[in-house]
Amino acid sequence: MKKCYVKALFFTAVTLITTSCAVQHEAILGDAIRFSDDAYSSYSHSKGIFKNLKYQSVPYKLYYQGSVRNEDIQKMKDFIRADHQGKFTAGYYALDLGLDRVRYIRKNYFKHDQNTKFYIIYMTDGLDNTSVQVAKNNKQIFFTNRAEGYAKHIQRKIKRTMGAFKIRQNTFKIFPMMFLGNDIMSNMKKRGLTSIEDIKNAVKEDMKYYRGSSKGTSTPEVLLGTNFLEITQDFEEMFESSGFDFYVPVGYRGENIRMNLEDADGKEIQIEGTLKKKWFMWCLTNIKYPNNVTIPDQRLLYRGKPLKELYASNRNDMKATQANFRMDDIKLNGKNFKVSYTSQDHGKYYETNSEYDAYKRNNNDAYVLLIMDESGSLGDQTQAEKNAMQDILDIIMKTATK
């Protein structure tokens, strides 16, 4: 039976958030790692290398230079399907290693690409009960002998990693994902929680320190489910972001800009603002939109308030020919608004901007890391989890390359 820690880590899925308008990537690289009591055997912490991947430190090329790499996608699925079940849950340790891998990939593959997007897909079914011991056995940490201490270490590491990405404009997100199986249910009952809603609320509270994002995105909802199909469907819903990327040519500095958004059902939204230089940074100011539309500000000091101004992701690039922006969590009448088409107007009378092309944006590289729990508590649900992770990989490729 797994021990129940007050700050147990049930993490999580970092998920790819892309615009609903097609964004073609130059390269999408991917890795997969499973964790249990023997998580350390599949990964070399010090060098940032996966030992059990065929290409060692070379990630799978899921999409590369204009085409989907079906062979590498199949190799990744073969790894997911492999039999590698252990007894315990080493969740903190697995994410610790995963963050190392993200840093390694960024340094060695995308060092000069400020627009790279990084996603960790992390799925678990229970409470962490062996990370501290595994880490000590591998001489990773010396400062704590409690799960709560390791949790705080991971929290700091997430913030440091996100901070490093934020400076360089990379996107890095974390979403929680948990299967509510027998293990988590029995442990929650020990806390006196009996209803599904009480359990879900407790899980969300425990997980709040291990989720978040670094740039232009809000703290995501926790993905919870009593079956993997439910979790996968929720993932697909959140993966298709209610946000979009757009640019404004810098020659329109000082002019009014209006973005015309349309969803697949033909519903329209207009968002207006003025392109300016503020503190020597590109910024869209005086943003206005209809009363039945909500767009939260993502800046630390204004988080959750209505969006009034938006800084460009390349705001400090003085040689830029266009200012690149992203808006997230757009809702129309309280429901996610998924953009399928955009156009842009400019000037006093909002003339159509013939220079704007919704599909003419900078290519974004991407890195996807799948982290799977295969501890003994999954039991006969292990295969269902593997199937779900394969489905999630298909969702990522379908959404990212369309």
Side-chain angles (χ1 to χ4, degrees), residues 17-24 114-115 117 169 171 215-218 241-299 301-333 335-364 402:
I17 296 295
T18 62
T19 174
S20 297
C21 300
V23 177
Q24 196 63 75
Q114 295 185 351
N115 295 311
K117 297 183 178 182
Q169 308 307 328
T171 296
K215 180 178 72 68
T217 46
S218 64
S241 168
S242 58
F244 76 110
D245 298 282
F246 66 100
Y247 68 90
V248 181
V250 297
Y252 295 122
R253 179 181 179 181
E255 293 197 30
N256 297 327
I257 301 297
R258 182 170 64 192
M259 296 303 303
N260 307 298
L261 315 182
E262 184 176 322
D263 69 5
D265 297 325
K267 296 177 183 177
E268 297 180 348
I269 290 177
Q270 291 184 332
I271 302 174
E272 302 175 4
T274 304
L275 182 66
K276 291 185 177 180
K277 272 286 188 69
K278 186 173 182 180
W279 303 108
F280 304 102
M281 295 183 288
W282 292 111
C283 181
L284 201 62
T285 65
N286 302 318
I287 296 175
K288 300 176 182 178
Y289 41 85
N291 292 332
N292 62 341
V293 174
T294 57
I295 311 174
D297 200 318
Q298 304 302 332
R299 293 172 298 172
L301 295 178
Y302 304 97
R303 186 160 293 166
K305 295 182 179 180
L307 182 66
K308 297 298 182 183
E309 65 179 19
L310 182 67
Y311 285 91
S313 61
N314 62 335
R315 53 186 173 268
N316 297 317
D317 187 355
M318 296 298 103
K319 297 181 180 180
T321 59
Q322 63 187 43
N324 301 319
F325 297 97
R326 177 169 181 83
M327 291 184 180
D328 277 286
D329 302 316
I330 302 173
K331 295 184 184 299
L332 175 63
N333 296 321
K335 296 182 179 180
N336 285 350
F337 187 86
K338 298 180 180 179
V339 182
S340 61
Y341 175 77
T342 68
S343 63
Q344 186 179 108
D345 301 330
H346 72 94
K348 183 177 180 180
Y349 300 104
Y350 290 108
E351 299 175 0
T352 299
N353 182 4
S354 60
E355 293 184 49
Y356 179 76
D357 185 342
Y359 299 93
K360 189 179 179 182
R361 290 187 292 272
N362 292 332
N363 288 338
N364 291 319
K402 70 179 180 180

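In what follows, every heavy atom counts, from backbone to side chain, and hydrogens, waters and symmetry copies are set aside.
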Practice item. Using the side chain to side chain donor-acceptor pair (under 3.5 Å) rule, collect all pairs that involve residues 275-291, keeping only residues at least two apart or in two chains. Key: Lys278-Glu309

Revision key, fill the gap. The complete set of side chain to side chain donor-acceptor pair (under 3.5 Å) pairs with one or both residues in residues 257-272, sequence neighbours excluded, reads Arg258-Asp345, Asn260-Gln270, Asn260-Ser343, Asn260-Asp345, Glu272-Tyr350

When rounded to the nearest 0.5 angstrom, what is the spacing between [atom1] in [X] and [atom2] in [Y]?
| X | Y | atom1 | atom2 | result |
| --- | --- | --- | --- | --- |
| Tyr356 | Met259 | OH | CE | 3.5 Å |
| Thr321 | Tyr247 | OG1 | OH | 9.0 Å |
| Ile257 | Thr274 | CD1 | OG1 | 8.0 Å |

Practice item. Quick one: list whatever passes side chain to side chain contact (heavy atoms under 4.5 Å, CB included) with Asn292, sequence neighbours left out. Key: Pro290, Leu332, Asn333

Review point. Of all residues at least two apart in sequence or in a different chain, which pass the side chain to side chain donor-acceptor pair (under 3.5 Å) check with Tyr252?
Key: Asn353, Glu355

Check your understanding: Heavy-atom distance under 4.5 Å between the side chains of Ile287 and Lys308, does that happen here?
Key -> no

Practice item. Kindly indicate whether the side chain of Val293, heavy atoms from C-beta on, has any atom under 4.5 Å from the side chain of Phe337. Key: no

Check your understanding: Checking side-chain contact (heavy atoms from CB on, under 4.5 Å) against Thr342, which of Asp245, Ile271, Leu261 comes through?
Key -> Leu261

Practice item. For residues Met327 and Ile295, report the shortest heavy-atom separation together with the two atoms involved. Key: SD-CD1, 4.2 Å

Review point. Which pair of heavy atoms, one from Ser340 and one from Ala264, lies closest together, and at what distance?
Key: OG-N, 3.3 Å

Check your understanding: Do any N or O atoms from the side chain of Gln322 and from the backbone of Phe246 form a donor-acceptor pair under 3.5 angstrom?
Key -> no

